[in-house]
Amino acid sequence: MAIPKNTMKLPRYAAENRCELTDFCFGPTATSRLLLALTAISFWAMSIAVAQDALPASPAGPQIAVALEKVSSASIQATIEKLVSFQTRSTLSAQDPTAIAAGHGIGAARDWIKSEFERYSRDCGGCLEVKLDTFTEVPGSRIPKPTEITNVYAVMKGTDPESAKRIVLVTGHYDSRNSDNGDITNPAPGANDDGSGTAVSLECARVLSQLKFPATIIFLTVAGEEQGLNGSHHFAQMAKSQGWDIEAALNNDIVGGDRSPQQDTGVVRVFSEGVPTAATDAELRQIRNLGGESDSASRQLARYIADVDRTYATGIKPMLIFRLDRYLRGGDHISFNEQGYAAVRFTEFREDFNHQHQNVRTDNGVEFGDLSKFVDFDYVANVARLNAATLASLASAPAPPARVRLLTAKLENDSTLTWDQPAGGRVASYEVLWRATTSPEWEHAQSVGNATRVTLPLSKDNVIFAVRAVDGQGHRSMAVTPLPER
Ligand SMILES: [Zn+2]
């Protein structure tokens with residue numbers, strides 16, 4: 001490690017002196033203080049449970065836990081090796097019948113992915129609607145001539161008519177490249193980038209299609225990523241123009257856990273935008289005024305993933321990176337962010353740049369190329385578990401509370417939040433979350449029963465609040481931060 005020995009450690013003020021920081025803590029005295037205050041202030045107070053110190057992990061759904069055990073590294077390995085067998089999946093490579101029959105090029109890969117989704121659907125009594133989103137991309141800097149691009153996806157419609165309008169989505173890109181992004185014939189195995197992400201989407205479909213969920217799940221694989229996010233851009237734009245309510249998009253790109261000695265196989269990075277890419281000028285002003293730089297819907301999704309990981313045994317820890325993507329890099333989640341959707345990117349802890357975007361070769365004893373042998377299939381399986389657990393939790397949960405507001409009509413040291421019941425109902429209770437303004441994750445949760453208005457003896461100036469909905473089995477919705485209302 002390159003950290004100098006004399007590096008100064010910051011005092012852990014925020015973590016250890018949280019009570020001083022918020023002037024509110026949950027020792028016995030403070031708990032009674034809270035209960036007294038709550039009892040004194042309004043009619044719903046009797047429904048308030050005893051406040052909890054740490055944020056409790058959400059309870060595990062038994063069905064979801066069983067499904068996660070069915071995620072298989074052997075199945076993922078078979079998917080990745082099949083994708084590599086097409087030799088190149090360059091978006092510019094062949095997709096004519098002869099090439100498809102020979103099993104070469106992106107057209108053959110597209111047809112195989114479609115046939116896999118159809119196979120899973122047969123195994124669940126036709127529960128998946130398998131679809132193609134095909135369009136012709138006009139020439140651009142990385143597209144020399146008009147090129148047909150196809151996204152392949154499977155829709156598992158929710159079982160509850162109202163909740164089925166809500167969509168959670170997982171995606172990976174099935175196109176690949178080698179050293180030359182214009183090379184359409186030489187090998188571009190793309191085992192890790194992004195055979196691994198494609199395998200996560202397929203594995204989630206295989207396993208979750210055995211269950212039923214109130215909300216809709218879409219399992220997506222896109223092309224054109226290496227040419228400029230073309231496939232995901234087209235898909236997200238179509239979703240927006242058709243008014244789809246995509247609550248979360250999980251993009252998996254380079255989740256192969258490259259087998260370099262410096263890899264940490266226990267960690268996957270989760271990148272999320274802070275200030276929303278799609279924010280209007282008015283929204284940007286509000287973010288500046290209120291310190292909302294770390295509270296985009298995508299950031300709430302990242303926190304949700306961390307919460308899911310505390311609930312289910314996935315075998316991997318998400319490392320939340322509060323950044324849109326890595327330096328100099330982009331990915332398909334950005335296409336969803338641009339349309340105003342919450343979206344994050346999963347990527348392995350440490351990338352080996354000799355094993356991505358490289359011609360397959362050996363130079364001075366160093367192996368280059370994105371080959372299957374560098375992929376850790378158990379690692380990909382763990383990432384797939386974390387994705388599947390997140391999709392299943394969100395698709396089981398009620399919709400997030402609507403019109404969440406923080407009342408600011410007068411200057412006071414208490415904070416009053418209001419919200420509306422979400423469409424689709426299925427809410428057993430609501431939880432108010434809060435954290436210090438300096439803290440990355442939610443620190444406290446307070447159940448308020450089925451009230452839609454609460455006053456807490458906490459100053460809104462000192463903390464960040466959010467509200468989430470909980471169903472009868474304990475499935476949590478995404479957290480929603482309030483807008484101020486006079
Ligand atoms: Zn990629």
Side-chain angles (χ1 to χ4, degrees), residues 76 79-80 83-84 86 88-93 106 109-110 113 137 142-143 149-153 169-184 187-203 219-236 249-258 260 263 268-272 321 323-338 343-360 368-372 374-376 379-380 383-384 387:
I76 282 167
T79 297
I80 291 175
L83 290 168
V84 169
F86 299 114
T88 176
R89 306 188 307 280
S90 163
T91 295
L92 310 174
S93 65
I106 194 159
R110 172 200 65 206
I113 292 168
E137 189 63 74
R142 282 177 277 179
I143 297 195
I149 294 180
T150 300
N151 302 316
V152 188
Y153 63 109
L169 175 153
V170 59
T171 187
H173 70 86
Y174 70 93
D175 61 311
S176 68
R177 61 166 289 182
N178 55 29
S179 302
D180 174 3
N181 205 0
D183 182 344
I184 62 171
N192 194 348
D193 186 11
D194 186 28
S196 61
T198 303
V200 165
S201 190
L202 288 169
E203 190 66 0
F219 308 95
L220 172 65
T221 66
V222 298
E225 197 272 351
E226 303 291 6
Q227 262 47 47
L229 314 181
N230 307 66
S232 59
H233 179 75
H234 187 267
F235 190 91
L250 310 179
N251 175 32
N252 289 267
D253 196 351
I254 312 177
V255 291
D258 184 278
S260 56
Q263 187 64 271
V268 63
R269 291 179 290 171
V270 179
F271 290 85
S272 60
I321 309 282
R323 176 172 280 158
L324 178 61
D325 207 323
R326 304 143 306 149
Y327 279 88
L328 303 174
R329 312 289 289 276
D332 291 317
H333 57 304
I334 295 173
S335 296
F336 290 91
N337 288 156
E338 282 172 352
V344 299
R345 174 193 185 121
F346 291 83
T347 296
E348 64 191 11
F349 175 73
R350 183 185 188 274
E351 295 169 78
D352 186 329
F353 301 108
N354 291 345
H355 299 160
Q356 5 171 309
H357 299 195
Q358 293 286 348
N359 288 343
V360 179
F368 290 83
D370 192 350
L371 300 166
S372 298
F374 302 126
V375 172
D376 178 342
Y379 182 90
V380 185
V383 175
N387 273 264

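The structure displayed is predicted, hence computed values, not measured ones. Counting starts at 1 for both ligands and their atoms, in listed order. Quick note: residue numbers are just sequence positions, from 1.
- Listed by chain and number, the residues in a ring pair (Phe, Tyr, Trp, His ring centres under 6.0 Å) with F235 are Y153, W244 (sequence neighbours excluded).
- When each of L202, V222, V152 is checked for a side chain to side chain contact (heavy atoms under 4.5 Å, CB included) with Y174, only V152 meets the rule.
- Using a 4.5 Å cut-off on side-chain heavy atoms (C-beta onward), H173 and D332 make contact.
- Looking at heavy atoms from C-beta onward, N387 lies in side-chain contact with N252 at the 4.5 angstrom threshold.
- Within the protein, the number of N, O or S atoms lying under 2.8 Å from the Zn ion (ligand 1) is 4.
- Electrostatic pairing of E351 and R269 counts as a salt bridge here, judged by a charged N lying under 4.0 Å from a carboxylate O.
- By the 4.5 Å heavy-atom criterion applied to side chains, D194 and T221 are not counted as neighbours.
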